[in-house]
Each structure stands twice: as structure tokens, then as C-alpha cells.
Amino acid sequence: MVSVFETDDHQDLRKTVRAFALAEVAPRVAWMESAQTVDVETSMSIARQGWIGVTIPKKYGGMFAGHLAKTIAIEELARKSGAMGAMLQASQLGAAKILHFGTERQKQRWLPTIAAGQCLPTIAVTEQESGGNVLDMRATARRDGEEWVLNGRKLYVGNSHIGHLHGIVVRTGGDDTRRSKSLSAFLVEADRPGLTLLPYEAPLGLHGFSFGDLVMHNVRVPATNMIGALGEGLDVAYSSSVLYGRPNLTAVALGIHQALLEETIAFTTNPLHQRRGAPLAELPKIHQRIGQIKQRLMTARALAYQAVHMLDHGQPCDDELMSAKEYGVEALWDSALAVMKIHAAAGLRRDRPIERLLRDSFHLEAPAGTGDIQIHRLAESALGINHGPPWSVRLAPLTALHPPSTPEKPAATEEPAA
């Protein structure tokens, strides 16, 4: 079904990514699952397609195709491999900080290589003691002449073990600094002395993707590697999370959700899987569950596409992004449970992808804010609790395909109207 938000260009992109995923990604999934290590080869192959640069302006070598195009690309990859959908979405988070906060020199240096797939960027924010409360982080940076010296540890860094350029948010302000201005962000090349990766340990799902830990021990970076101004680290972190993390993870959820529906239809309509001479799909309870899965998927996709369509048009949509992410993940979990009930014991075996899709779905709740956080923020919005201008208003116009027009001011008159 073609969404009302999609153009012919979106459909062409979907066909291109779908064909690539079928030919190049799907054959690698079995290896990713058995090896349970980072699939560098497939990740770089995807990067070379140019899709990391889908929102990067063309003057920097990007596609500048918008957030809906970004959603479609991630969704189609995740439909065959949640891990590779996650790889693409994490890379775009890393690019976002440069696009929105980088100096012109930083943009000229890094965005073309990112768009060409020659550099995989990351963003490193989360710490053991702070979790989603960014302002409680303990990693620090201190000024030493024309350099900054970074120390601390970051957890759950997407693309950790394949990233070439890490965007690391650390504490630069002292006790006398206003909390919201106590953090700053830096671009740190992966080969900087003192920056180490802890050995990769395979998690529950998303095998092939890497989200590991970075340790900084007196890592020196030039002052020119600061991304954004001093004290703008919170803005760097939140902008990547709100404008990219939430819709990107929603897109991964859509791809996995679509795969669950397709696998369930194939299983329940297979002539080999019958009960009392009829396909499983004709059993009333299974028939009902399939309909509910379809409904959840349609609703999740409508919420997701509406939100990114608004981003592409420069409209305020923080609430829509939060709602899409929370509902998209919860709906996916509900459908995954229903699919497991439909498959019963067959869903537990490795010869079918159901157990992999279920495991992959569990990775989408925490990043970019848990469902509880999204609901909390939506409640604040409903109650009129103001945290300043919405992020979609502050930053989205830079990547909006169709910025809202500014109303013309009425002509001045010699005397004020009565």
C-alpha cells in the first residue's frame, strides 16, 4: 500500500533499497546470526550506496531527499535485517550533529566523506551512572592550551566498532556552570591515542550491528574539534535524539513489524500447515490475530510517516515524533507476541526468522528515550509545561525539503488602524 505522503521519488527509492536488501543483505543474515559479531563488510556496502547522506545537502555530496526518504530506506533494510537497519539509522545520528552544529569547515571536511560511505560517524552520550538523564554524565573534558583532554567511558554507542568518527558529549562546566550549559561535544577520530574500544560482546539481538563501549584516557583533540559552541553539548545530544533517533528507531520497528506480518502470512497459508483440512489462517483466532497485526502496522506506519512528513515541511512535530516512536515499538512488541502465539513451537526454531525478529525488537525501547519518557513528555505537552521552542522548530528547517513560507507583513500605514 502506497502512503499518501509518498511521491514517485520515494517509491523509486523504496524499490532500490528493497532490491539491494534482498540481493546483498538477506544472504548475510544467517552468517550474522551464527557469527554473532560485527558485519563490517555489509555495513560498508550499505554505506557506499549513499543512504547515510539522505538528509545531507547536495553541496556536501548528500542526497537531500528528506526524512521520509530516510525512514523508507531504514525500513526496507530492517525488513530483511534489523541489524543493518540499525546500522544505517545510527550512522545518520552521527551525521546529524555535524549537519546541525558543525562549522562550515567541519561540514566541508566530514559530510562529503560520510555521504560517500567512506566515514561512519557515531554519537556517544550514554553512561552507566546517568542512563537517559544526560545532565548527570561524568565523563569530562578540560582545556589545555589549544587542545581538550577527554576522560571517561561511554556505553551503548551505535556503530562503536566500525565507526571512524565519534561525536562524544562530555562535561566541560564546573559546579558554577548552569546545568543545561555544563556539557560540550567533540569530534574524536577513532584512531586518537587514548581512545579504546572494549572487546565486543554479542547482545540478545541485532547480530551484525555493534553498540559497544568507548573508554577515554587522556584523549587529546584540537579545540577546533569541538562541535557546536562551548556548553551546547546538551543541544547536540538532544537534537540527534529527537530529530533522528526517534524517527529512525521507529523506521527500524516498521521494517521488523512488516517482516513479522509477511512471515506469519506465509506460515499460516502454507498448505503444509493445516488443521482439519484447512490452512491455519482460516482458524478464527489466528485470523483475528493476523488482522490485529495488520492494523497495528498500518497505524504505526501512518504515525511515523506523518511525523517525518511534517519534518520535511519544517512544521513543529516533536509530539508526533514521540508518539510515533512510543506506539511503533509497543505495537511491534504486541505483534511479536501474537506472532509467537501463532507459530507456537515453530517460532522457537532457528530455521524460521521469528525468534530473531522477536529478539531484535527488544533493542528498540531504550534508545532515544524509553516509552515511559515519551509518554511523560507527551503529558507535559498536554499540560502546557514549556521546555522552550520545540526541537523540530529549532533545527528542522535546515533539512526541510519544503520550508514553510513566511507570511508577508502588511504594508505600513501612516496611521495605526483603529
| message | Keeping D360 on the side-chain end and L206 on the backbone end, is there a donor-acceptor pair under 3.5 Å? | response | yes
| message | If you apply the rule side chain to side chain contact (heavy atoms under 4.5 Å, CB included), what do you find for E232 with M226, and how did you get there? | response | CA-CA 10 Å; E232 282 191 332; M226 179 177 285; over 6 Å; no
| query | Does any N or O in the side chain of S210 come within less than 3.5 Å of the main-chain N or O of H161, such that one atom is a donor and the other an acceptor? | reply | yes
| What pairs with A96 under side chain to side chain contact (heavy atoms under 4.5 Å, CB included), at least two apart in sequence or on another chain? | H100, S240, Y244
| Has the side chain of T268 got a donor or acceptor atom that lies under 3.5 Å from a matching backbone atom of T264? | yes
| task | Provide the closest heavy-atom pair for L260 versus V339 in the form atom of the first, atom of the second, distance. | result | CD2-CG1, 4.0 Å
| said: Does any part of the side chain of I56, heavy atoms only, come nearer than 4.5 Å to the side chain of P112, both counted from C-beta? | reply: no
| Quick one: which of N159, I162, V188 gives a side chain to side chain contact (heavy atoms under 4.5 Å, CB included) with T122? | N159
| task | Just jot down the side chain to side chain contact (heavy atoms under 4.5 Å, CB included) partners of D312, sequence neighbours excluded, or say none. | result | H67, L68, L401
| Can you check whether T399 reaches L311 side chain to side chain, under 4.5 Å on heavy atoms? | no
| query | Residues two or more places apart in sequence or in another chain: which of them pass ring-ring contact (aromatic ring centres under 6.0 Å, His included) with W110? | reply | none
| request: Hey, could you give me the CG/SG distance between L243 and C317, rounded to the nearest 0.5 Å? | output: 7.5 Å
| Exam field: side chain H164 to backbone L120, donor-acceptor pair closer than 3.5 Å | yes
| task | Begin from the C-alpha positions of L198 and R153 and carry the test side chain to side chain contact (heavy atoms under 4.5 Å, CB included) through to its verdict. | result | CA-CA 10 Å; L198 294 187; R153 176 175 173 179; 3.2 Å; yes
| field | Audit row: V25, L77, side chain to side chain contact (heavy atoms under 4.5 Å, CB included) steps and yes/no | value | CA-CA 8 Å; V25 178; L77 283 176; 4.0 Å; yes
| query | So which pairs with a foot in residues 237-266 pass salt bridge (charged side-chain N to carboxylate O under 4.0 Å, His left out), sequence neighbours left out? | reply | R79-E262, E263-R352
| query | Does H273 have any ring-ring contact (aromatic ring centres under 6.0 Å, His included) partners at least two apart in sequence or in another chain, and if so, which? | reply | F267
| field | Heavy-atom donor-acceptor pair, N248 side chain to Q89 backbone, under 3.5 Å | value | yes
| message | Taking side chain to side chain contact (heavy atoms under 4.5 Å, CB included) as the criterion, tell me which of L135, V125, V170 meets it with L183. | response | L135
| note | Here the side-chain hydrogen bond (donor to acceptor under 3.5 Å, both in side chains) pairs for residues 191-203, sequence neighbours left out, are E189-R192
| task | Without swapping roles, check the side chain of T299 against the backbone of Q295 for a donor-acceptor pair under 3.5 Å. | result | yes
| With distance as the sole test, does N151 use its side chain to make a donor-acceptor pair with the main-chain N or O of N218 at under 3.5 Å? | yes
| When rounded to the nearest 0.5 angstrom, what is the spacing between CG in L204 and NE2 in H207? | 6.5 Å
| field | Residues which pass side chain to side chain contact (heavy atoms under 4.5 Å, CB included) with P279, listed by chain and number, not counting sequence neighbours | value | E282
| message | To the nearest 0.5 Å, what is the distance between NE2 on H257 and CG on L297? | response | 5.0 Å
| note | Residues at least two apart in sequence or cross-chain that pass side chain to side chain contact (heavy atoms under 4.5 Å, CB included) with L22, listed by chain then number, are K80
| query | Does CD belonging to Q128 count more than 12 external heavy atoms closer than 6.0 Å? | reply | no
| Nearest 0.5 Å, what's the CG-CE distance between L303 and M298? | 12.0 Å
| query | Between H313 and A400, which heavy-atom pair has the shortest distance, and what is it? | reply | C-CB, 4.4 Å
| request: Indicate yes or no for a side-chain donor-acceptor contact from S81 to the backbone of A78 under 3.5 Å, with no hydrogens or angles considered. | output: no
| query | Quick one: salt bridge (charged side-chain N to carboxylate O under 4.0 Å, His left out) pairs with a partner in residues 154-173, sequence neighbours left out? | reply | E127-K154
| note | Closest non-hydrogen contact found for S91 with P121 is O-CG, 3.3 Å
| task | Grab the two heavy atoms, one from G212 and one from S160, that are nearest each other, plus how far apart they are. | result | N-OG, 2.7 Å
| remark: Scanning both residues in full, the closest heavy-atom pair of S361 with L332 reads CB-CD2, 3.5 Å
| Donor-acceptor under 3.5 Å (Q374 side chain, G369 main chain) | yes
| So how far is it from L280 CG to I286 CD1, rounded to the nearest 0.5 Å? | 4.5 Å
| said: Quick check: do V134 and Y238 have side-chain heavy atoms less than 4.5 Å from each other? | reply: yes
| Are any of the side-chain heavy atoms of R18 and K15 separated by less than 4.5 Å? | no
| Could you go step by step and tell me if L197 and L214 meet the side chain to side chain contact (heavy atoms under 4.5 Å, CB included) rule? | CA-CA 5 Å; L197 285 165; L214 297 177; 2.9 Å; yes
| task | To the nearest 0.5 angstrom, please state how far the CD1 atom of I373 sits from the NE2 atom of H376. | result | 6.0 Å
| query | Under 4.5 Å between any side-chain heavy atoms of S381 and M322, yes or no? | reply | no
| task | Flag the pair I74 / Q92 as yes when at least one side-chain heavy-atom distance between them is below 4.5 Å, and no otherwise. | result | yes
| message | If you define the side chain from C-beta out and look only at heavy atoms, does anything of L165 sit under 4.5 Å from I98? | response | yes
| Short N-O contact, E33 and R350, less than 4.0 angstrom | no
| field | Shortest non-hydrogen separation from G245 to A368 and the atoms involved | value | C-CB, 3.7 Å
| Pairs meeting criterion salt bridge (charged side-chain N to carboxylate O under 4.0 Å, His left out) with involvement of residues 319-346, two or more places apart | none
| Take atom NE2 in H287; do more than 12 heavy atoms of anything else shown fall under 6.0 Å from it? | no
| said: Could you tell me if the side chain of Y327 sits less than 4.5 Å from the side chain of R296, heavy atoms only? | reply: yes
| task | Output all residues satisfying ring-ring contact (aromatic ring centres under 6.0 Å, His included) with H363, sequence neighbours left out; order by chain, then residue number. | result | F211
| request: Check for a donor-acceptor pair, side chain of D318 on one end and backbone N or O of W391 on the other, with a separation under 3.5 Å. | output: yes
| message | Going by ring pair (Phe, Tyr, Trp, His ring centres under 6.0 Å), name the pairs with one or both residues in residues 5-45, residues two or more places apart or in two chains. | response | F5-H309, F20-W51
